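Please read the structure below before turning to the comments.
Here is how names work: the chains are called A, B, and so on, in the same order as the sequence lines, proteins then strands, and each is numbered from 1. Since the model is a prediction, treat every value here as computed from it, not as a measurement.
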2 protein chains.
Amino acid sequence: MAQRRELIKGTIDSLLLCLVVQQPMYGYQIIKELERRSQGYFKFKEGTLYPALHRLEKADLIQGKWQTLPSGRQRRYYHITEKGLYSLAAKRSQWLDFLAAMNLIIQPASD
Amino acid sequence: MAQRRELIKGTIDSLLLCLVVQQPMYGYQIIKELERRSQGYFKFKEGTLYPALHRLEKADLIQGKWQTLPSGRQRRYYHITEKGLYSLAAKRSQWLDFLAAMNLIIQPASD
DNA sequence: AATAACACCTAGTATAACTATGTATAATAT
DNA sequence: ATATTATACATAGTTATACTAGGTGTTATT
């Protein structure tokens, strides 16, 4: 039924690392940015994103820092760690391996 | 940690349908065939495959039929149903959509 | 005679995306 | 003025599914 939900599993960490490797970002921004860059495909819920960010931080792949805007509003900016950099490279590689295997099976049926 | 495990989620049904659409196959054969075609990448465990086959059969996407070999050994051959054909087409399309979205984010870093 | 390969099965576990809900502020609409 | 939407964070509980670990029985190989 919700194949999309399952397809996405295992890719969120890579997606998040892909974004924060370019520049530090905060949660809400990441949700919007993923939706924008994927042309509306990725619409992560907060209940998906924040736990994922906490998981990555706990694993020392990203690190968050609170920042206070002039308005007084709080944002938690995450930036990638050195360990995160290595992890991202590994995850990208794993993704490509997976993709290659999938392509071997899911050939665009010659019809 | 086990990213591979999560990556695979949501794709098994498509993989199985992809195989049985070509010819009826039985469980053990599917495991071996997926490993062969993916050049060793997919090595599904029985605890993964058989429940998946049962799930697909329950959803009326495939149908199994016991066959007895001359040796007396029993095999359950699964063939795709009409509903399975439509489902496979839909899943392939969903996979391509997902892939396109992923590619927009996981660009092979220009390095 | 013992091991590996064949061929099926399932109960329980782990993981992670999501639902639903909560808090609080700023901007916009009525 | 007031209500709604957008911004910004958080988490407890639900659901789905790949896997672990175990089981049954047959056939082929060492």
*Any residue meeting side-chain hydrogen bond (donor to acceptor under 3.5 Å, both in side chains) with B:T68, in chain and number order, not counting sequence neighbours*: B:Q74
*Expressed in angstrom and rounded to an integer, what is the separation of B:R75 atom CZ from C:dC6 atom P?*
10 Å
*Quick one: which residue pairs count as a side-chain hydrogen bond (donor to acceptor under 3.5 Å, both in side chains) with a foot in residues 53-64 of chain A, not counting sequence neighbours?*
A:D13-A:R55, A:E57-A:R76
*Euclidean distance, atom NZ of residue A:K9 to atom P of C:dA17 [Å, nearest integer]*: 7 Å
Which atom pairs, donor and acceptor, lie under 3.5 Å between side-chain atoms of residues 16-26 of chain A and protein residues at least two apart or in another chain?
from	atom 1	to	atom 2	distance (Å)
A:Q22	OE1	A:R37	NH1	3.0
A:Q22	OE1	A:R37	NH2	3.2
A:Y26	OH	A:R75	NH2	3.2

*Tell me: CD of B:E6 to C1' of C:dA17, nearest whole Å?*
10 Å
Pairwise N/O distances under 3.5 Å, protein to nucleotides 26-30 of chain D:
from	atom 1	to	atom 2	distance (Å)
D:dT26	O2	B:R73	NH2	2.5
D:dT27	OP1	B:S71	O	2.8
D:dT27	O4'	B:R73	NH2	3.1

*Considering just the side-chain nitrogens and oxygens of A:R76, establish if one lies under 4.0 Å of OP1 or OP2 belonging to D:dC9.*
no
_Check: B:S38 side chain, B:L34 main-chain N or O, donor-acceptor pair, under 3.5 Å_ = yes
*Residues two or more places apart in sequence or in another chain: which of them pass side-chain hydrogen bond (donor to acceptor under 3.5 Å, both in side chains) with A:S14?*
B:Q3
*Could you pull out all residues at least two apart from B:R5 that satisfy side-chain hydrogen bond (donor to acceptor under 3.5 Å, both in side chains)?*
none
*Nearest-angstrom distance from the residue atom CZ of A:R4 to C1' of C:dT19*: 16 Å
*Give the rounded distance in Å between these two atoms: CD of A:Q67 and P of D:dA8.*
12 Å
_For B:K43, all residues meeting side-chain hydrogen bond (donor to acceptor under 3.5 Å, both in side chains), sequence neighbours excluded_ = B:E35
*asked:* Going by the rule ring-ring contact (aromatic ring centres under 6.0 Å, His included), which residues pair with B:F42 if we only count those two or more places apart in sequence or in a different chain?
replied: B:F44
*Nearest-angstrom distance from the residue atom CD1 of A:I8 to P of D:dA16*: 16 Å
*Any link between A:L104 and B:I30 through a network of hydrophobic side chains (Ile, Leu, Val, Met, Phe, Trp, Tyr) touching at under 4.5 Å?*
no
*asked:* So if I take residues 11-46 of chain A and measure heavy-atom distances to DNA chain C, which residues fall below 4.0 Å?
replied: A:I12, A:F44, A:K45
*Using 30° and 60° as the class limits, which term best fits the ring planes of A:F98 and B:Y41: parallel, tilted or perpendicular?*
tilted
*Is there a donor N/O on one and an acceptor N/O on the other, under 3.5 Å, for the side chain of A:R5 and the base of C:dA17?*
yes
*Near DNA chain C, under 4.0 Å by heavy atom, which residues of residues 47-59 of chain A?*
A:G47, A:T48, A:R55
*Measure the distance from CG on B:L69 to C1' on C:dC6 and round it to the nearest whole Å.*
10 Å
*asked:* Suppose we screen for side-chain contact (heavy atoms from CB on, under 4.5 Å). Which residues come up paired with A:R36, at least two apart in sequence or across chains?
replied: A:E33
